[in-house]
There are 2 protein chains.
Amino acid sequence: MKPVTLKQIAGQLNISVSTVSKALKNYPDVSKETKLKVKELAKVLNYQPNAFAVNLRRKESRTIGLIIPEIVHHFFSTIIKGIVNQAEKEGYLVIILQSNESYELEKKQINLLLNQHVDGIIISLANNSTNFDHLNQVVLSKKPLVMFDKIAKLVNCSKVIINDRKAAYTATQHLIDAGCKRIAHFRGSLLPLNSIDRFLGYRKALLDNGLPYDPALVYISECDDTSFEEGKMNTRKLLEDHDDVDGIFISTDLVAIGALTECNKLGVKVPDDIKIIGFSNWFMSKVVSPALSTIDQPGYLMGEMAFKQLYKEITMQKNKESYYPEIIELETKLIVRESTAS
Amino acid sequence: MKPVTLKQIAGQLNISVSTVSKALKNYPDVSKETKLKVKELAKVLNYQPNAFAVNLRRKESRTIGLIIPEIVHHFFSTIIKGIVNQAEKEGYLVIILQSNESYELEKKQINLLLNQHVDGIIISLANNSTNFDHLNQVVLSKKPLVMFDKIAKLVNCSKVIINDRKAAYTATQHLIDAGCKRIAHFRGSLLPLNSIDRFLGYRKALLDNGLPYDPALVYISECDDTSFEEGKMNTRKLLEDHDDVDGIFISTDLVAIGALTECNKLGVKVPDDIKIIGFSNWFMSKVVSPALSTIDQPGYLMGEMAFKQLYKEITMQKNKESYYPEIIELETKLIVRESTAS
DNA sequence: CTGAAAGCGCTTACAG
DNA sequence: CTGAAAGCGCTTACAG
């Protein structure tokens, strides 16, 4: 019942623990005979090295930590999948933690991971994280750190991102090309960098096309979680206050689907009366009616790349090579569906 | 830069490592003075106990393993969230692994978790797992194990489930009450217990209501992942082969939404020509059009309960109390929306 | 009240 | 080719 140890194997074979250890790891200075005996018995007893002890010796855990604002979220779950799959390929395990968009929790979780001695940390920031001491502390302690999607420019670590500004520009330009003249924007939370960048892309597209930028058409979400309900509410307000609007660029698909649903309910025709484009390409977007145009954000790939970068840094660190943070920018793609047909 | 150890604290204060250790843990046999000094210095140096060493000594890791068939899945991600949140409350960390519906992978992952010495394992089975030796091995080694949703009756461990048969009966009865006379069933994969149970509930409802059971109306999925595309394909086949069908009970919302989409495309009116009910209450179901009737399956609660049960068993085990596996059955709820309106 | 000692299970530099 | 020894960082029973 008790797990088998090297000591037991050594005892049964009447040899030393060190020899058993070396035999199992194919050290060249152990006789073939001994190796054979040891390996056979290890198999019979189903010997599994005690990870705690190995970790303590090697000072590595082959475990990484992942902090995500919200697990139940199509984009994030795709990323989790990418990270977990890629990690498994290299024999790494992933501890997952959810910050719930809370800075306090995020900070606590970083500390938790740090004293669990994970070999590295991957994180996407909570919306209200504006102090980054906890992350700088990770960088300072030379523990590899990779941020993705919701990043902080001021933290000196590798980042896997998309070009939010450019993607938002493309989305807005698409609305303009489809004939929209007065375009609103639901930007989600105020703080996160990608909300800001998407907003800037939207505004730039308007100006580049000679359309006026009207701040009254930009809706900021009050609560921290950008939700379906918010999309419905904002749409109702928008339609009341600005009945001349003919297009909306919404920075999350979920909110965009809320908007669609509200339009359907109020009898406002999408795309005839108003065109809507979302952001992220959640699975849902192609099954709603009318199907939602959006910007595809490569979640799985983002997860894969985040782990690959982290792994590279962990390995270089172990070999005492020096490395510099890298910014990895992934391509997005405009997905045209019914909601912006002209 | 190097993590601070007890030894360093002891060195600086000129006292022994044991005293430092005891002081930090408030052992009653250490003087107030010493405690104060030690704690102060520990704080200044930002001392964090080395988890490896603590684990090795205590033979516990305060970490559990979670194996899930597929991460990108609304129901499962809700469960992950429930488990992770509940675990955090008790100071436990969760290692997440995805079996990808593969028995081979699942087996490997169990072994991985076992020699990581997690304190317990929570698992939902891969569809093609029919051999349960790897799980029985966990039970035999007295490592707490909890299964949820996709379980194996033959494994002697605690389980958190819903009553699939009853829920399927309710769904089918609802179609009958809405006037359906000839009801098809998309049952998903052949093997998993919940597919079987849902099928049995469907059949029983028909028979109890004096409707004939026609095996030709039951569609089994060929591939292992029950998908949107499958819903579309099956629906096309069904409409060609059986144009008298007026209701479908589909064992997953995702497939049901595929069916809805295909009906919309083919001009078949839901709910007028044909009524559709799904299973699981994915978020998507309320935003498609027509909104999908379904059975609500309490994912978050299921995750919470799974962890709570595991935690109970871990604790009892530690205290050398004996415990017996429990079956925890959670309530489901019929959600009536437009797709079955009469 | 304090500390020396043993030990958790492993790895590895060193001696023989 | 083999093994004794030291050590990773901690905890705890025991002696003083």
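As the structure is a prediction and not an experimental result, all values here were calculated from the model. So that the names make sense, note that chain A is the first sequence line, chain B the second, and so on, each numbered from 1. Computed over heavy atoms, backbone and side chain alike; hydrogens, waters and symmetry mates excluded.
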Inset, instruction - Step through the shown structure and confirm whether more than 12 heavy atoms of other residues, nucleotides or ligands are within 6.0 Å of NZ on K81(A). - result: yes
Inset, instruction - For F52(B), report the nucleic acid contact type (base, sugar-phosphate, nothing); a contact means any heavy atom under 4.0 Å. - result: nothing
Legend entry - Over 12 foreign heavy atoms within 6.0 Å of CD, E321(A): yes
Legend entry - Under the side chain to side chain contact (heavy atoms under 4.5 Å, CB included) test, residues paired with N14(B) that sit two or more places apart: none
Legend entry - Rounded interatomic separation in angstrom, taking CG from L36(A) and C1' from dC1(D): 16 Å
Inset, instruction - Kindly indicate whether the side chain of K59(B) and the base of dG9(C) share any N or O donor-acceptor pair separated by less than 3.5 Å? - result: no
Inset, instruction - Please evaluate the base of dG7(C) for a donor-acceptor partner in the side chain of R57(B) within a cut-off of under 3.5 Å? - result: yes
Legend entry - Inter-residue atom distance Y324(A).OH - S158(A).OG, 0.5 Å rounding: 12.5 Å
Inset, instruction - Classify the nucleic acid contact of D29(A) as base, sugar-phosphate or nothing, counting any heavy atom under 4.0 Å across all strands shown. - result: base
Inset, instruction - Would you indicate what S21(B) reaches in the nucleic acid, counting non-hydrogen atoms under 4.0 angstrom: base, sugar-phosphate, or nothing? - result: base
Legend entry - For Y92(A), ring pair (Phe, Tyr, Trp, His ring centres under 6.0 Å) partners two or more places apart: F307(A), Y311(A)
Legend entry - Atom pair CZ/CD of R62(A) and E90(A) - distance to nearest 0.5 Å: 8.0 Å
Legend entry - Whole-Å gap separating P (dG7(D)) and NZ (K7(B)): 7 Å
Legend entry - Rounded distance (Å) that lies between atom C1' of dT2(D) and atom NZ of K32(A): 18 Å
Inset, instruction - Using heavy atoms to find the nearest nucleotide of DNA chain D for L56(B) and S18(B) separately, return the residue whose nucleotide is more 5′. - result: L56(B)
Inset, instruction - Using the test side chain to side chain donor-acceptor pair (under 3.5 Å), find all partners of Y300(B) that sit at least two apart in sequence or belong to another chain. - result: N85(B)
Inset, instruction - Please determine if a side-chain N or O atom of K25(A) lies less than 4.0 Å away from the OP1 or OP2 oxygen of dT12(C). - result: yes
Legend entry - Nearest-angstrom distance from the residue atom CD of E60(B) to P of dC10(D): 16 Å
Inset, instruction - Could you check whether K22(B) gets within reach of a base, just the sugar-phosphate, or nothing at all, counting any heavy atom under 4.0 Å? - result: base
Legend entry - Y47(B) vs dC10(D): side-chain N/O to OP1/OP2 distance below 4.0 Å: yes
Legend entry - Nearest listed nucleotide, side chain of R58(B), among dT11(C), dT2(C), dT11(D): dT11(D)
Inset, instruction - With a 4.0 Å heavy-atom cut-off, tell me which residues in residues 10-17 of chain B come close to DNA chain C, sorted by residue number. - result: I15(B), S16(B)
Inset, instruction - Take atom CG of L24(B) and atom C1' of dC10(D), then tell me their distance rounded to the nearest Å. - result: 11 Å
Legend entry - Whether F76(A) and F148(A) hold their rings parallel, tilted or perpendicular, with breakpoints at 30° and 60°: perpendicular
Inset, instruction - Return one dot-bracket line describing DNA chain D 5' to 3' (Watson-Crick or G-U wobble pairs, both distances under 3.5 Å; ( ) same strand, [ ] crossing, | another strand, . none). - result: |||.||||||||.|||
Legend entry - Integer-rounded Å distance: dG9(D) P and I9(B) CD1: 13 Å
Inset, instruction - With DNA chain C as reference, determine whether S31(B) or A53(B) sits nearer its 5' end, using the nearest nucleotide of each. - result: S31(B)
Legend entry - Side-chain H-bond candidate by donor/acceptor type, S31(A) with T34(A), under 3.5 Å: yes
Inset, instruction - Apply side chain to side chain contact (heavy atoms under 4.5 Å, CB included) to R57(B) and list each qualifying residue two or more places apart in sequence or on a separate chain. - result: none
Inset, instruction - Write down the distance between NZ (K35(A)) and P (dT2(D)), rounded to a whole number of angstrom. - result: 10 Å
Legend entry - Nearest-Å distance for atom pair CG/C1', residues L6(B) and dC8(D): 13 Å
Inset, instruction - Using a 4.0 Å heavy-atom cut-off across all strands, classify T19(B) as base, sugar-phosphate, or nothing. - result: base
